[in-house]
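All heavy atoms count here, side chains included; hydrogens, waters and symmetry mates do not. Being a predicted model, the structure only gives us computed values, none of them experimental. Proteins get letters first, then strands, A, B, ... in listed order; numbering begins at 1 in each.
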2 protein chains.
Amino acid sequence: MNVLEKIVNSVNSFSKSERKVADVILANPQTTIHSSIAALAKMADVSEPTVNRFCRRLDTKGFPDFKLHLAQSLANGTPYVNRHVEEDDGPEAYTAKIFESTMAALDAARQNVDINTINRAVDVLTQAKKISFFGLGASASVAHDAQNKFFRFNVPVVCFDDIVMQRMSAINSSEGDVVVCISHTGRTKNLCDIAAIARENDATVIGVTAYDSPLAKECTLVLSLDVPEDTDMYMPMASRVAQLVLIDILATGFTLRRGTKFRENLKKVKDSLRGSRFEKKDF
Amino acid sequence: MNVLEKIVNSVNSFSKSERKVADVILANPQTTIHSSIAALAKMADVSEPTVNRFCRRLDTKGFPDFKLHLAQSLANGTPYVNRHVEEDDGPEAYTAKIFESTMAALDAARQNVDINTINRAVDVLTQAKKISFFGLGASASVAHDAQNKFFRFNVPVVCFDDIVMQRMSAINSSEGDVVVCISHTGRTKNLCDIAAIARENDATVIGVTAYDSPLAKECTLVLSLDVPEDTDMYMPMASRVAQLVLIDILATGFTLRRGTKFRENLKKVKDSLRGSRFEKKDF
DNA sequence: GGATAAGTTGTAATTAAATTACAACTTACT
DNA sequence: AGTAAGTTGTAATTTAATTACAACTTATCC
């Protein structure tokens, strides 16, 4: 809980002098964080130790520590809030809101993601004989993107957004193959089937999906991203961005695990693109 | 500007010892705000006055004031500094860094994007007879995603990641058609050709690309996202996320412009997916 | 209603932390 | 090589915060 709220909540348990301190702080919090204990004591018309005791009562280590907490409480006023787009929003409004809710979603994802599972997923991927990315609908483009990334690593990688091809690919998989199934809800029937088939054929199945979903149950490893999505819009937006970032993380982990020499290879891939591009100096 | 960003930005203007201080603070900002100047000096292996001078250089009144600012930066919506992934980063480190640099990129994009152009692009899209999304390589998955979004609007929309198909499509375009070309660098030759061809056939060409690039020159409307990308990694990561968010914004603007009735249509599309999914209550 | 104990507050002493002044050193330029 | 500008550290000083303790207030019990 943040300190400001805490002060308000525990205002009853304060003594007379402590209450004076609380009042002064609540009245000018911004001033408080730039004051010394002496200045604040004077403002509240109490002694310095009283202020100090007040701070300790709020479970801080002392006055400087209290100021730190207070500063954070004040800064927290405007974090990236998942503000919904509304009917009469103009371009500025909806642009800002979408940026902010995407950032809020990434922030949430960052806090929820399980590093341990990421590490294991990277493990599995680095040792894969072949990597397949499967997704349907909106998740197909995430799979597509993942393929583009891992392809640069010179690893056998495929990506299908066609259930027939996915099924054939899953049936043909074997031990050492890794299948990554991407689905925000984790309730897409066809994809659950694919995951099950791949598992039956001894492939390792990584699910980029909701924890505790039917798809998750079919997977060897579940990378879940708990992203609060604005369901009013009926389109996966923030959740899909979080999935992409997760792919970025896996790809990064992959390159780091493979070591320096390997990364020189990446440069080659990038350099090979040069022929298809205008040089920077050209314009 | 927040202190953390400030440190990263002015890292060049620091002296050797100040740099040591900066490194320690960036590595453990949370620890820093609970340390004394002596502890921090020891960690950075410099003297206490050096730390103090470092604080002043960042326009703070001294060490305690610096800690206050730092605390606010950390609590604030934007502790998102574009920190580069390094050789010996563990999973926690690179996961955090990628999330943060993506968020930093979005923050930058939000500030740079031109609302006016977005508004005009939405205008153009709502009036389009047909919308085409073209991208190659990493941008192909962005185009793919855009198609998925706009398809739900019941608008004629196509997406090609094959230059032959793109070319044929561009040649067949006519007035009222809108072609969206996606390229981070804006220097992909083939895509520039496509844009030129589409223009010659009276289509409106929207470029999601770098301002002032060869591709931008071929477009009717340029939506540029100035995203500082970590080029060391040789993979488009943050830039592509920003592109996706831009697509989200265009799609949102589109639905808002079309009005309430239209949005009921979206629900239909969403409901139609239900048959292919497990119900929530099923598990 | 007074005595005592528990709790509250302030003064003064102490300790800890941060800052300043200055000297030594390093670097870059003549 | 010499000098000036800039950088860094040591030691002294100042400032701020905390502690110890005493005075006072309030509540409780006989």
Are A/Asp145 and A/Lys149 ion-paired here, with the side-chain N under 4.0 Å from a carboxylate O?
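Yes, charged N to carboxylate O under 4.0 Å.
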Note, B/Met43 side chain near B/Ser35 side chain (heavy atom, < 4.5 Å)
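Counting from C-beta outward, B/Met43 and B/Ser35 do come under 4.5 Å.
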Is the closest side-chain heavy-atom distance between A/Asp248 and B/Arg240 below 4.5 Å?
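The answer is yes; the side chains approach within 4.5 Å.
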How long is the straight-line distance from CZ of B/Arg19 back to CD1 of B/Ile7, given to the nearest 0.5 Å?
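Nearest 0.5 Å value for the CD1-CZ distance: 12.0 Å.
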Partners of B/Ser47 by side chain to side chain donor-acceptor pair (under 3.5 Å), sequence neighbours excluded?
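Expected list: B/Thr50.
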Evaluation steps, side chain to side chain contact (heavy atoms under 4.5 Å, CB included), between B/Val24 and B/Lys20
CA-CA 6 Å; B/Val24 171; B/Lys20 281 199 228 167; 5.7 Å; no
Using whole Å, report how far [atom1] of [X] lies from [atom2] of [N].
| X | N | atom1 | atom2 | value |
| --- | --- | --- | --- | --- |
| A/Glu48 | D/dT18 | CD | P | 10 Å |
| B/Ile37 | D/dA17 | CD1 | P | 14 Å |
| B/Asn52 | D/dT14 | CG | P | 17 Å |

Using nucleotides 7-10 of chain C, report all nitrogen or oxygen pairs with the protein that are shorter than 3.5 Å.
from, atom 1, to, atom 2, distance (Å)
C/dT9, OP1, A/Ser15, OG, 3.4
C/dT9, OP1, A/Lys16, N, 3.4
C/dT9, OP1, A/Ser17, N, 2.7
C/dT9, OP1, A/Ser17, OG, 2.8
C/dT9, OP2, A/Ser15, OG, 2.3
C/dT9, O5', A/Ser17, OG, 3.1
C/dG10, OP2, A/Ser47, N, 3.1
C/dG10, OP2, A/Ser47, OG, 3.3
C/dG10, OP2, A/Thr50, OG1, 3.1
C/dG10, N7, A/Arg53, NH2, 3.2

Can you sort out which residues in residues 58-69 of chain B have a heavy atom within less than 4.0 Å of DNA chain D? Ascending by number, please.
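Contacts with DNA chain D under 4.0 Å: none.
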Just checking, is any N or O donor in the side chain of A/Asn119 or A/Arg257 under 3.5 Å from an acceptor N or O on the other one?
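Yes, a side-chain donor-acceptor pair sits under 3.5 Å.
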Can you list the steps and then say if B/Cys192 with B/Asn190 is a side chain to side chain contact (heavy atoms under 4.5 Å, CB included)?
CA-CA 5 Å; B/Cys192 294; B/Asn190 282 304; over 6 Å; no
